[in-house]
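Chain letters run A, B, ... following the sequence lines, proteins first and then strands; every chain starts at 1. Only a predicted model underlies this, so the values are computations on that prediction, with no experimental measurement involved.
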Protein chains: 2
Amino acid sequence: MTDDVGGAVLRGGPEPGMLRSGQVADAAGVNVETLRYYERRRLLPQPDRSPGGHRLYPTDAVTVPRVVKAAQRLGFSLDEVAELLAVGRPGHPTPGRPRGRTTGTGRRGLQERAATKLAEVETRIADLQVIASTLRAALDARCDDLMACAANETCCPIPFSAIASIPVGAPDADRP
Amino acid sequence: MTDDVGGAVLRGGPEPGMLRSGQVADAAGVNVETLRYYERRRLLPQPDRSPGGHRLYPTDAVTVPRVVKAAQRLGFSLDEVAELLAVGRPGHPTPGRPRGRTTGTGRRGLQERAATKLAEVETRIADLQVIASTLRAALDARCDDLMACAANETCCPIPFSAIASIPVGAPDADRP
DNA sequence: GGTAACCCTGTACCCGGGTACGGGATGCAA
DNA sequence: TTGCATCCCGTACCCGGGTACAGGGTTACC
């Protein structure tokens, strides 16, 4: 089992053309801890190490955390991003996180995943549009008391049944 | 200090016209544990108790968890819902949760809060529309490998800078 | 060679919105 | 009166995406 994901140990002076974790973190706009966290989740490959055990990254390593952040902003979870990155990598079929449940969506290409995500995003937009118009209706009705309003169903502008299928959650949910 | 939020203890037979927690939960479509959770967070007033300590709710108590769920779907957090409910209640100025930080938005009416939320929802819709068109661009470009794509910035359809301001998070984030 | 700045590891904690569980007490009907 | 369903309370745990901290070791620069 040459599970050769680990980085080599380099020896010599102040490694030219190599970056230390803080530099990568700064360049990518993330925390050093976050880099380690990504490494634990196999988003980032294990970098080489200095003789003293410090991580040393090639200069293009900054691309990974940047891509991760971009993909997150496009709506992908870190698990999904890990799969997206694995798609493009030669050997490893799946990153094989230590103890994770499978998400069920294995082995699909970037195209297919993007299409799926696009559909999810469009669904969410539609939901939010229903929410927005409901809020506008509540504003128009000059409703002042939620409970009083909800009590007499005949006049309440909140369409309880119409919004029943909308997932619970803030519109700008889990901003870090 | 007549901090009279606590429910009375009733005595007698199988209380007519009163509901037990399981019945309220079923009628509202939530878990019994969730009702207790809402009570802890002062979303639900403390109900009366049977001589043995079981909660007994008036029949209209089901409205509260239903309204809470509806408000959540409209994008309000439980803290915000607590404030919304407090607005309509006579005595208590704020629900005064035990050890919570203040959200900063104190003492505003339903109208104003709805308007704020509407603006948030509209912002989120706009963000998701940018995301959707980015995903469409990635599909159009028939991009197959995230890393390869991101590496040569000149052709990559992902507008890193354009999406940089979008909050990180799944489109359908924190569905329970 | 001094020393400040960085980096290492592991573990615990944060957020919101609940769920799950253990061990006992009640309610209600047959 | 017995049996079973329901309920009580407190506490711990779940999820995702990190952050914070303690207690050391290493590097870079002067």
Side-chain angles (χ1 to χ4, degrees), chain A residues 9-16 18-26 30-41 43-44 46-47 49-57 65 68-69 71-73 75-82 97 100-101 103 167-170 172-176, chain B residues 9-16 18-26 29-41 43-44 46-47 49-57 65 68-69 71-73 75-82 97 99-101 103 167-170 172-176:
Chain A
V9 174
L10 310 178
R11 62 198 65 188
E15 298 304 335
M18 299 296 268
L19 301 174
R20 317 183 56 190
S21 57
Q23 297 175 297
V24 175
D26 285 355
V30 299
N31 219 313
V32 181
E33 326 278 301
T34 304
L35 281 188
R36 292 210 306 124
Y37 177 65
Y38 287 175
E39 189 180 319
R40 274 209 300 288
R41 299 204 43 164
L43 287 158
L44 222 52
Q46 299 211 9
R49 299 289 184 135
S50 77
H54 287 196
R55 288 171 180 80
L56 288 176
Y57 297 89
V68 171
K69 280 295 169 199
Q72 271 189 302
R73 279 192 255 272
F76 294 95
S77 71
L78 288 187
D79 275 3
E80 288 169 329
V81 178
R97 275 190 301 121
R101 301 132 358 294
T103 328
V168 166
D172 57 344
D174 68 340
R175 195 189 298 248
Chain B
V9 174
L10 310 178
R11 64 199 64 187
E15 297 305 334
M18 299 295 269
L19 302 174
R20 314 184 57 189
S21 57
Q23 297 176 296
V24 174
D26 284 354
V30 298
N31 218 315
V32 181
E33 326 278 300
T34 304
L35 281 188
R36 292 208 308 123
Y37 177 65
Y38 286 176
E39 189 179 320
R40 274 208 299 287
R41 300 205 39 166
L43 288 158
L44 221 52
Q46 299 212 9
R49 298 290 183 133
S50 77
H54 286 197
R55 288 170 180 79
L56 288 176
Y57 297 88
V68 171
K69 281 295 170 199
Q72 270 189 303
R73 278 192 254 273
F76 294 95
S77 71
L78 288 187
D79 275 3
E80 288 170 329
V81 178
R97 276 190 302 122
R99 309 167 2 85
R101 301 139 354 298
T103 327
V168 166
D172 57 345
D174 68 340
R175 194 188 301 246

Visitor: Rounded to whole angstrom units, what separation is found between the CZ atom of B:F76 and the P atom of C:dG16?
Guide: 17 Å
Visitor: Indicate whether the side chain of B:R49 and that of B:H54 have a donor and an acceptor atom separated by less than 3.5 Å.
Guide: no
Visitor: Compare the minimum distances between each of D:dT19, D:dC9, D:dT27 and the side chain of A:P51, then state the nucleotide with the smallest one.
Guide: D:dT27
Visitor: Whole angstrom is fine here: how far is it from CG in B:L78 over to P in C:dG17?
Guide: 4 Å
Visitor: OP1, OP2 of D:dG17 versus side-chain N and O of A:Y38: anything below 4.0 Å?
Guide: no
Visitor: For the atom pair CZ (A:R36) and CG (A:L44), what is the distance rounded to the nearest 0.5 Å?
Guide: 12.5 Å
Visitor: Where the side chain of A:Y37 is concerned, which of D:dG18, C:dC7, C:dG18 is the nearest nucleotide?
Guide: D:dG18
Visitor: Take A:L35 and A:V30 through the side-chain contact (heavy atoms from CB on, under 4.5 Å) test and state the conclusion after the steps.
Guide: CA-CA 7 Å; A:L35 281 188; A:V30 299; 4.1 Å; yes
Visitor: Can you tell me if the side-chain N/O atoms of A:T34 get under 4.0 Å from OP1 or OP2 in D:dG17?
Guide: no
Visitor: Whole-Å distance between C:dA5 P and A:R20 CZ?
Guide: 13 Å
Visitor: Among D:dC7, C:dC7, C:dG27, which nucleotide sits nearest the side chain of A:S21?
Guide: C:dC7
Visitor: State whether A:Q72 places a side-chain N or O below 4.0 Å from either non-bridging phosphate oxygen (OP1 or OP2) of D:dG18.
Guide: yes
Visitor: Nearest whole angstrom, please: distance from the C1' of D:dT6 to the CG of B:D26.
Guide: 11 Å
Visitor: Might you work through the side-chain contact (heavy atoms from CB on, under 4.5 Å) test for B:L43 and B:Y37, ending with a clear yes or no?
Guide: CA-CA 9 Å; B:L43 288 158; B:Y37 177 65; over 6 Å; no
Visitor: Could you walk me through whether A:R55 and A:Y57 pass the side-chain contact (heavy atoms from CB on, under 4.5 Å) check?
Guide: CA-CA 6 Å; A:R55 288 171 180 80; A:Y57 297 89; 3.1 Å; yes
Visitor: Does a nitrogen or oxygen in the side chain of B:K69 sit under 4.0 Å from OP1 or OP2 of C:dG18?
Guide: yes
Visitor: Report the residue (A:Y57 or B:G52) whose heavy-atom-nearest nucleotide on DNA chain C is the more 5′ of the two.
Guide: A:Y57
Visitor: Whole angstrom is fine here: how far is it from CG in B:N31 over to C1' in D:dC14?
Guide: 14 Å
Visitor: Rounded to the nearest angstrom, tell me the gap between atom CD in A:E33 and atom C1' in D:dA22.
Guide: 12 Å
Visitor: Take the protein atom NE2 of B:H54 and the nucleotide atom P of C:dG27, then report the distance between them rounded to whole Å.
Guide: 5 Å
Visitor: Is the base of D:dG10 touched by the side chain of B:R36 through a donor-acceptor pair closer than 3.5 angstrom?
Guide: yes
Visitor: Can you check whether A:R49 has a side-chain N or O nearer than 4.0 Å to OP1 or OP2 of C:dT9?
Guide: yes
Visitor: Can you tell me the distance, in whole Å, between the CG atom of A:D79 and the P atom of D:dC15?
Guide: 11 Å
Visitor: Given C:dG27, is OP1 or OP2 found less than 4.0 Å from the side-chain N or O atoms of B:S50?
Guide: yes
Visitor: Closest nucleotide of DNA chain C for B:V68 versus for A:R55: which of these residues is on the 5' side?
Guide: A:R55
